[in-house]
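Shown next, in structure tokens, is the structure this report addresses.
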Amino acid sequence: MSKPETSAAAANFLRPIVQADLEAGKHAKIITRFPPEPNGYLHIGHAKSICLNFGLAKEFGGECNLRFDDTNPAKEDQEYIDAIKADVEWLGFQWAGEERYASNYFDQLYDWAVHLIKAGKAYVCDLSPDEARAYRGNLTEAGKNSPFRERNVEENLDLFARMKAGEFPDGARALRAKIDMASPNMNLRDPILYRIRHAHHHQTGDKWCIYPSYDFTHGQSDAIEGVTHSICTLEFEDHRPLYEWFLANLPVPAQPRQYEFARLNLNYTITSKRKLKQLVDEGHVNGWDDPRMSTLSGYRRRGYTPGSIRHFCDLIGVNRAGGLVDIGMLEFAIREDLDANAARAMCVLKPLKVVITNYPEGQVENLELPRHPKQDMGVRVLPFSREIFIDASDFEEVPPAGYKRLIPGGEVRLRGSYVIRADEAIKDAEGNIVELRCSYDENTLGKNPEGRKVKGVIHWVPAAESVECEVRLYDRLFRSASPEKADEEGGSFLDNINPESLVVLKGCRAEPSLANAQPEERFQFEREGYFCADSKDSQPGAPVFNRTVTLRDSWGA
Ligand code: ATP
Ligand code: MG
């Protein structure tokens with residue numbers, strides 16, 4: 001699908017930086033990386049980082065690596081690795097070469113840790129995690145030196161080798177950099193380089209029982225890969241001095257530079273992997289790809305296009321200021337895309353049978369309707385005969401003011417077909433309308449009746465040839481614009497789940513052309529919204545449709 005072009009991209013402060021570096025000859029080619037930890041599925045916040053890293057590389061003829069930041073085996077899983085790769089590709093990006101793993105560099109990182117020990121810049125510390133915390137001080141108080149800080153090089157080398165050999169239990173010792181326990185930057189107060197963790201790793205198996213910290217891994221991995229611009233979110237700004245300390249104190253093959261940008265925060269949306277996992281694990285949603293999730297696989301199943309998500313990322317721009325982005329912008333991007341590119345079709349969500357009493361029995365007219373009002377996408381055929389379905393809400397015996405649809409004795413146009421008049425409503429014993437008797441005007445096909453104005457146009461499907469389907473009306477998962485505020489106020493973000501975020505309608509009737517909708521095929525159901533065939537549950541002859549987004553924003557500003 002083509003990318004919508006109608007709204008302009010916002011600024012990206014990194015673009016001129018990269019451009020200037022290239023012009024100054026600082027780098028012949030730029031290399032960026034996208035470094036997810038495989039402990040969850042990618043969400044819309046990651047999309048911003050992906051579009052930024054892959055986008056810059058593409059724009060400036062460089063390369064972007066996909067590197068799994070896999071230093072915490074306890075929380076990581078192959079399922080997440082597979083999902084992340086699929087999502088990046090779906091979004092339209094291709095990483096350079098094979099995917100990479102920080103764990104590929106564990107041998108090198110170990111050697112570099114030994115290098116720091118030999119240089120007197122790292123030591124094995126026996127403080128327990130609680131003691132270490134107490135020694136660290138806080139923002140207003142300097143930390144205290146660990147009693148193990150002055151261990152000699154030989155002892156440190158011996159202990160570190162024995163940590164690696166598995167002689168000590170988890171948490172018994174750690175390798176720390178010897179920097180400055182009084183630094184105003186907490187990250188420089190002798191940060192941990194290696195922890196003991198007897199855990200099986202999805203890539204390295206049982207080779208290691210010590211694992212490097214994020215900080216000791218990230219910059220060196222960048223250097224090994226020749227990354228030129230290492231772009232991360234603002235909470236790592238305070239880590240930059242440490243990032244640079246490692247690059248300055250190790251014989252690394254390159255000097256990458258770290259830049260920070262503001263993470264994406266979207267209202268009505270959660271983008272914490274931990275909380276997304278909680279939604280899945282506790283069954284508040286049906287898996288990571290539930291169409292209400294802010295995951296890329298959720299948006300995909302919901303019917304979002306990769307182009308619309310890329311366009312959204314262009315619209316929000318990249319800066320250091322942050323702020324909350326209105327989810328209306330994301331919905332705008334998908335509406336714009338689907339309006340331009342999704343085929344039109346009719347689907348009746350709450351069917352009410354209509355018998356057109358003056359239409360000859362047995363007669364069928366195959367009406368052709370364009371699949372798209374502007375694009376040439378061909379036509380679809382709707383057989384018109386005596387019995388059709390309309391939506392129950394398109395007939396009112398006591399119409400509210402301004403009602404332009406069918407009322408007793410009133411007329412309405414059937415989309416792409418004739419004008420009909422409601423003559424009689426048939427009711428069951430409880431007074432529910434179960435059928436309408438109407439008459440049609442044979443002179444109104446494709447033209448207005450002479451001298452009469454018929455304002456309303458409603459959608460319909462043929463009774464016999466339409467296909468029964470299930471329609472899942474998805475809405476925002478949270479009814480509060482800041483769902484996480486509840487967590488700060490002693491409640492839980494779960495309290496803000498919108499109980500109407502999923503309404504399942506069975507027994508809906510879709511026009512015949514929808515019977516064999518392909519998984520993920522997208523449509524505008526006229527007057528109802530944008531929908532796509534569910535990638536898991538939709539079957540030929542028994543389609544299931546997910547509502548991607550309503551036709552208009554119904555949440556109001
Ligand atoms: P966690 O919740 O586990 O801390 P994370 O959000 O840091 O996860 P990673 O998998 O480490 O997730 O993220 C990979 C990359 O995506 C990082 O470079 C991170 O900065 C970026 N990223 C994550 N969330 C956002 C966000 N909301 N906006 C922009 N970039 C993000
Ligand atoms: Mg992270």
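Read the numbers this way: they start at 1 and go in the same order the structure lists the ligands and their atoms.
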Ignoring angles and geometry beyond distance, decide whether [X] reaches within less than 3.5 Å of ligand 1 through its nitrogen or oxygen atoms.
X	result
Thr271	no
Arg263	yes
Lys48	no
Thr233	yes
Leu264	yes

*Can you check ring-ring contact (aromatic ring centres under 6.0 Å, His included) on Tyr259 and Phe236, steps first, answer last?*
CA-CA 9 Å; Tyr259 296 89; Phe236 290 99; over 10 Å; no
*If you measure from atom 16 (O) of ligand 1 to every heavy atom of Arg67, His46, Lys275, which option wins on shortest distance?*
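The option holding the nearest heavy atom is His46.
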[X] neighbourhood, listing ligand 1 atoms whose heavy-atom distance to it stays under 4.0 Å:
X	answer
Pro36	10 (O), 14 (C)
Asn39	3 (O)
Phe261	29 (C), 30 (N)

*Is the distance between the ring centroids of His239 and Tyr243 less than 6.0 Å?*
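Aromatic pair excluded; centres sit 6.0 Å or further apart.
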Heavy-atom distances under 4.0 Å decide this one: backbone, side chain, both or neither, for [X] against ligand 1?
X	answer
Pro35	both
Phe236	neither
His43	side chain

*Min heavy-atom dist Asp69 to ligand 1 below 4.0 Å*: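 False for this residue.
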Is [X] close enough and on-axis enough to [Y], meaning under 6.0 Å and within 45°, for cation-pi?
X	Y	answer
Lys275	Phe493	yes
Arg476	Tyr268	yes
Arg173	Phe168	yes

*Will you find, in the side chains of Asp190 and Tyr123, an N or O donor that is under 3.5 Å from an N or O acceptor?*
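Yes, because at least one side-chain N or O of Asp190 sits under 3.5 Å from a partner of the opposite role on Tyr123.
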*Just checking, is any N or O donor in the side chain of Asn546 or Asp534 under 3.5 Å from an acceptor N or O on the other one?*
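Their side chains do contain a donor-acceptor pair, which is all the 3.5 Å distance test asks for.
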*asked:* According to ring pair (Phe, Tyr, Trp, His ring centres under 6.0 Å), who are the partners of Tyr41, at least two apart in sequence or on a separate chain?
replied: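 Tyr41 satisfies ring pair (Phe, Tyr, Trp, His ring centres under 6.0 Å) with Tyr80, Trp288 only.
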*What residues, two or more places apart in sequence or in another chain, satisfy side-chain hydrogen bond (donor to acceptor under 3.5 Å, both in side chains) together with His27?*
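side-chain hydrogen bond (donor to acceptor under 3.5 Å, both in side chains) check on His27 returns nothing, list empty.
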